[in-house]
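See below for the structure under consideration.
Positions are given from 1 along the sequence. Just the heavy atoms: all of them, side chains too, but no hydrogens, waters or symmetry mates, feed the values below.
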Amino acid sequence: MTFLVIATLLAIAYLLIARWLRADLFRSLLVISLLSLFVTLHLGLNYVGSMAESTEGIGLTSSYLLWIFGDSNWSTYRFGNAFRMSSWISFLLLAALAVIALIRKRG
């Protein structure tokens, strides 16, 4: 969960720095949105996988998800909560991308 908050803050900082350096805001937001969608997809797959009955317990589908959850306190609730939060972040980033695309098209 902490990883998602840190990643969001880093993404916002990157956008501000990119704008300050007069880089293209649309491309920067596009890259961040694609990364966010990638993380959301893997969190969703892991959430669905954690709901399947298994005698071995809950497992992670991707090794980088260990950065988000760590080695302990895994639960279906935490996986679902992280997936929902990541989905909202991705939705907001895509909405911002659409607004910037409209502004860019008109200007």
Can I get a per-line list of side-chain donor-acceptor pairs under 3.5 Å for residues 29-38, giving both atom names and the distance, sequence neighbours left out?
| residue | atom | partner | partner atom | Å |
| --- | --- | --- | --- | --- |
| S33 | OG | L29 | O | 2.8 |
| S36 | OG | S90 | OG | 2.6 |

Would you name the heavy atoms of L43 and A82 that are closest together and state the gap between them?
-> CD1-O, 3.8 Å
Residues clustered with V48, ILVMFWY side-chain links under 4.5 angstrom = none
Between [atom1] on residue [X] and [atom2] on residue [Y], distance to nearest 0.5 Å:
X: Y47; Y: Y77; atom1: OH; atom2: OH; result: 10.5 Å
X: K105; Y: I103; atom1: NZ; atom2: CD1; result: 13.5 Å
X: L45; Y: F79; atom1: CG; atom2: CZ; result: 12.5 Å

